[in-house]
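Written out below as structure tokens is the structure these notes cover.
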Amino acid sequence: MTAGSTTAQLIEKHRPTLDQALDAIRTRAYWSPYPEHPKAYGAEGAVPGSLNAAEGQAAFEALRGKRFELDQPGARGWTGAEISPYGLELGVEYPHPDVERLLPAMRAAMPEWREAGPEVRAAVCLEILARINARTHEFAHAVMHTSGQAFMMAFQAGGPHAQDRGLEAVAYAYAEQVRTPGAAEWSKPQGKRDPLALSKQFTAVPRGVSLLIGCNTFPTWNGYPGLFASLATGNAVLVKPHPRAVLPLALTVRIARDVLNDAGFSPDLVTLAAERDGEGIAKALATRPEIRIIDYTGSTAFGDWLEANARQAQVFTEKAGVNTVVIDSTDDYKGLLSNLAFSLSLYSGQMCTTPQNFLIPREGITTDAGPKSYDEVVTDLAGAVEALLGDDARANALLGALVNDQVKERIGAAAQLGEVALASRTVTNPDFPQATVRTPVIVKLDGAKPDAEAAYLSECFGPVAFAVAVDSAQDAVELLRRTIREKGAMTVGAYTTSPEVERLVEEACLEECAQLSLNLTGGVYVNQTAAFSDFHGSGGNPAANAVLCDSAFVATRFRTVEVRRPS
């Protein structure tokens with residue numbers, strides 16, 4: 001669309017996509033409007049007007065070493081100090097916000113946005129996503145060089161899959177807002193007297209300014225659901241990126257502001273709050289009275305602080321958990337090993353969904369390859385990881401780079417906690433020699449020993465796995481229950497050929513409210529979820545109080561206000 005596009009044109013353009021998204025969240029079947037293959041983009045691809053690989057990289061390079069202009073109110077100088085985990089200094093500077101000017105401008109933009117109604121807001125949001133999608137190659141480099149994801153993962157997870165999650169949030173937001181009709185005629189019979197008659201109007205009213213606190217590892221994938229859920233329900237959104245991952249969200253803000261302006265709305269509905277190194281503006285922003293919604297992904301400590309202190313806001317958090325896999329038995333031992341090896345290795349385990357604890361009966365398990373002892377299972381899993389990552393080129397494509405020094409320190413500390421079944425090794429990336437690339441470490445622990453609890457009942461973010469010996473499958477389920485209840489879990493996995501053990505694991509996950517994957521041995525992994533079908537997190541255990549994405553994620557971002565008058 002070009003400048004001056006009308007909202008009617010946007011509705012006509014995007015209504016079919018919205019209808020398909022609404023159908024997808026109802027049926028939970030596979031669907032995505034955004035191609036995940038790089039060749040789909042560019043003049044010869046399926047996405048019209050999109051950048052190809054060379055154009056996307058050139059667009060990214062053109063951003064480096066420059067000021068990122070946004071023309072938003074309330075700028076007080078410039079800030080920016082992003083250094084890629086691959087060693088590149090980005091050198092991009094962003095406007096530093098004066099929130100005393102920025103927040104009033106955002107609030108002033110909201111009445112017209114509220115009056116536009118759910119369908120117009122959804123169409124504008126879909127136009128923002130369409131323009132982002134056309135620049136997926138550019139975004140891939142921005143995500144790669146702020147998060148440390150390998151390029152293909154940055155392309156897919158930071159691009160189409162993140163866009164899917166944003167569209168999913170828009171679909172849920174639209175469905176909840178139109179659940180109540182915009183108007184109704186009400187008539188109550190009064191016997192012989194004239195009926196009581198009222199005309200009633202119902203308006204979805206936004207809560208206020210929404211604060212998005214971005215994360216370092218998945219700035220778009222974790223950021224888009226909250227951003228688009230708030231915007232689609234009529235709220236203005238203040239985007240506060242992680243200081244080491246500003247660029248992907250700054251690009252998002254710039255595109256959103258362009259689309260809003262083109263559609264006739266104030267661009268100040270979406271603004272950026274980039275902070276100076278060590279400034280820590282999230283706390284100050286989170287407790288301001290103007291902030292009525294907060295979306296946060298990150299550490300448990302700050303998530304707990306937000307839930308306790310940002311009392312004026314509706315707070316949605318995704319924090320940390322201890323993800324667990326119960327290994328009881330399998331009819332595809334080779335598939336089990338390869339599946340878990342990939343899950344451990346993907347993005348160096350720097351995903352909130354990566355499995356950490358593997359609960360294995362100390363007497364061993366039954367498999368299609370014969371009985372396997374605890375030691376054999378651990379040794380074979382270590383061997384599967386080594387085989388997967390034995391070639392450095394493949395290892396770099398899967399592992400990416402460590403996002404910060406703390407992850408590297410955890411790898412070293414974990415190796416001191418027990419017998420090392422698989423030592424982490426350093427991988428050299430010839431294209432980015434300054435990148436820190438490490439393979440996973442697997443440590444054997446005895447679940448019966450109290451001194452081991454401190455290790456396996458704490459989240460160890462990064463490529464660290466604990467093979468925990470337990471007395472039986474039933475003991476594994478009890479430890480699983482305790483882990484979810486006390487520490488939370490974003491994902492749970494289990495391998496069993498026993499209907500009874502399967503029932504016990506499923507019952508534990510239902511009662512403790514954790515998402516469960518059973519017997520994954522093919523190309524679907526426990527740490528991956530699909531928009532429109534899978535729920536990311538449950539909102540029912542300590543790992544997160546929100547779900548990406550369900551009705552509860554959008555419904556409290558607005559309220560329905562009624563105006564009634566005599567007919």
Side-chain angles (χ1 to χ4, degrees), residues 298-301 303-304 319-328 340-341 343-365 373-382 385 402-425 438-473 475-494 508 512 514 526-527 541-543:
S299 72
T300 297
D304 289 344
K319 298 175 288 191
V322 177
N323 301 320
T324 301
V325 177
V326 174
I327 303 178
D328 166 66
L340 292 180
S343 296
L344 282 177
S345 304
L346 185 62
Y347 186 30
S348 300
Q350 298 170 123
M351 303 172 69
C352 64
T353 51
T354 300
Q356 174 182 302
N357 292 347
F358 297 87
L359 309 186
I360 307 167
R362 65 181 76 253
E363 299 302 321
I365 68 172
S373 68
Y374 163 83
D375 287 332
E376 287 177 311
V377 173
V378 179
T379 298
D380 291 345
L381 179 57
V385 174
L402 298 189
V403 72
N404 56 47
D405 290 339
Q406 289 73 33
V407 176
K408 181 180 177 181
E409 291 167 5
R410 289 189 201 104
I411 296 171
Q416 309 303 314
L417 297 173
E419 180 185 345
V420 175
L422 175 66
S424 176
R425 72 178 181 92
R438 298 289 296 272
T439 62
V441 58
I442 301 177
V443 179
K444 297 165 74 172
L445 296 174
D446 190 335
K449 294 184 177 179
D451 60 346
E453 285 190 6
Y456 65 73
L457 285 182
S458 298
E459 187 204 25
C460 196
F461 183 76
V464 176
F466 297 117
V468 184
V470 295
D471 289 337
S472 65
D475 287 331
V477 173
E478 288 308 307
L479 180 53
L480 170 66
R481 279 183 179 274
R482 180 186 171 194
T483 303
I484 300 171
R485 185 183 303 128
E486 296 181 7
K487 303 298 179 179
M490 293 298 294
T491 59
V492 173
E512 304 301 336
V526 68
N527 42 348
N541 68 64

Requested in this report: Decide yes or no on salt bridge (charged side-chain N to carboxylate O under 4.0 Å, His left out) for Arg482 and Glu453, but give the supporting numbers first.
Outcome: CA-CA 11 Å; Arg482 180 186 171 194; Glu453 285 190 6; 3.0 Å; yes
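- In this structure, Asp375 and Lys444 have side chains that are in contact, with non-hydrogen atoms separated by less than 4.5 Å.
- Considering only heavy atoms from C-beta on, Tyr347 stays 4.5 Å or farther from Thr354 through its side chain.
- At least one side-chain heavy atom of Ile327 sits less than 4.5 Å from a side-chain heavy atom of Ile365.
- Although no hydrogens or angles enter the test, the distance criterion places no donor-acceptor pair under 3.5 Å between the side chain of Asn541 and the main chain of Arg485.
- Taking the side chain as every heavy atom from C-beta outward, Ser345 and Pro463 never approach each other to under 4.5 Å.
- The closest side-chain heavy-atom distance from Val526 to Thr353 is not below 4.5 Å.
- Listed by chain and residue number, Asp446, Asp471 satisfy the salt bridge (charged side-chain N to carboxylate O under 4.0 Å, His left out) test with Arg362 (two or more places apart in sequence, or in another chain).
- Under the 3.5 Å distance criterion, with hydrogens and angles disregarded, a donor-acceptor pair is assigned to the side chains of Ser424 and Arg438.
- Residue pairs satisfying the side-chain hydrogen bond (donor to acceptor under 3.5 Å, both in side chains) criterion with at least one member in residues 407-421, sequence neighbours excluded, are absent.
- The backbone N or O of Thr324 lies less than 3.5 Å from no partner atom in the side chain of Gln356, so there is not a single donor-acceptor pair.
- Counting heavy atoms from C-beta on, the side chains of Leu480 and Val492 come closer than 4.5 Å.
- Annotation: salt bridge (charged side-chain N to carboxylate O under 4.0 Å, His left out) contacts of Glu363 (sequence neighbours excluded): none.
- Taking 4.5 Å as the limit, some side-chain heavy atom of Ile442 sits within range of a side-chain heavy atom of Leu381.
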